[in-house]
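Position 1 is the first residue of the sequence, and the numbers go up from there. What's counted below: heavy atoms across the whole structure, side chains too, no hydrogens, waters or symmetry copies.
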Amino acid sequence: QVQLVESGGGLAQAGGSLRLSCAASGRTFRTYAMHWFRQAPGKEREFVAGISWTGDGTLYSDSVKGRFTISRDNAKNTVYLQMNSLTPEDTAVYYCAADRTLRGVVYAQDMDYWGKGTLVTVSS
């Protein structure tokens with residue numbers, strides 16, 4: 001069992017930065033690939049970024065590639081999402097999720113565990 005708690009959301013201006021954190025409980029955290037998804041009002045939940053359990057492999061959606069960076073610290077049971085060059089289109093609730101592997105194509109229904117989300121609002 002893995003429990004996930006996101007933090008770090010808030011209000012940012014366009015062009016600014018935020019760093020999200022996802023703290024995990026459970027000794028098996030380091031065996032899971034970790035992911036960030038987001039859901040904007042009136043839209044479906046979409047994949048943002050993923051990282052393998054070793055941290056060696058990462059995957060990004062085209063919409064955030066080059067602006068966001070996912071990383072993890074297995075000693076701290078924490079995964080991060082550094083978000084730079086934010087735009088109002090990045091406004092959403094951001095969710096942390098765990099899956100047994102980092103898949104080539106990531107779908108929300110493949111995730112085993114979810115956090116409750118943290119709200120990111122980017123003003124223009």
Closest approach of [X] and [Y], non-hydrogen atoms and distance?
| X | Y | answer |
| --- | --- | --- |
| S52 | R72 | O-NH1, 2.9 Å |
| A49 | L81 | CB-CD1, 4.2 Å |
| A14 | S124 | CB-CA, 4.2 Å |
| W36 | S21 | CH2-O, 3.6 Å |
| L18 | G8 | CD2-O, 4.1 Å |

Using the rule that two of Ile, Leu, Val, Met, Phe, Trp, Tyr join whenever any of their side-chain heavy atoms come within less than 4.5 Å, decide whether [X] and [Y] are in one cluster.
| X | Y | result |
| --- | --- | --- |
| V79 | M83 | yes |
| W114 | L102 | yes |
| Y94 | V122 | yes |
| I51 | Y80 | no |
| F37 | V120 | no |

Between [X] (side chain only) and [Y] (backbone N and O only), is there a donor and an acceptor less than 3.5 Å apart?
| X | Y | result |
| --- | --- | --- |
| T121 | T91 | no |
| N74 | W53 | yes |
| E6 | T118 | no |

Is [Y] close to [X] at the side-chain level, that is, under 4.5 Å between some pair of heavy atoms?
| X | Y | result |
| --- | --- | --- |
| F47 | V105 | no |
| M111 | V106 | yes |
| I70 | Y60 | yes |
| L86 | F68 | yes |
| V2 | T28 | yes |

If I take atom [atom1] from residue [X] and atom [atom2] from residue [Y], how far apart are they, to the nearest 0.5 angstrom?
| X | Y | atom1 | atom2 | result |
| --- | --- | --- | --- | --- |
| T78 | M34 | OG1 | CE | 9.5 Å |
| F29 | L4 | CZ | CG | 8.0 Å |
| R38 | L20 | CZ | CG | 11.0 Å |
| S7 | R19 | OG | CZ | 9.0 Å |
| Q109 | D99 | CD | CG | 11.0 Å |
| T58 | H35 | OG1 | NE2 | 11.0 Å |

(Q) Let's go through D110 and R103 carefully: what are the C-alpha distance in whole Å and the side-chain angles of both, what is the deciding distance for side-chain contact (heavy atoms from CB on, under 4.5 Å) to 0.1 Å, and is it a yes or a no? (A) CA-CA 9 Å; D110 293 327; R103 304 169 192 265; 3.5 Å; yes
Q: Could you check R100 against T31 for side-chain contact (heavy atoms from CB on, under 4.5 Å), going step by step and ending with a plain yes or no?
A: CA-CA 7 Å; R100 281 292 186 182; T31 68; 3.4 Å; yes
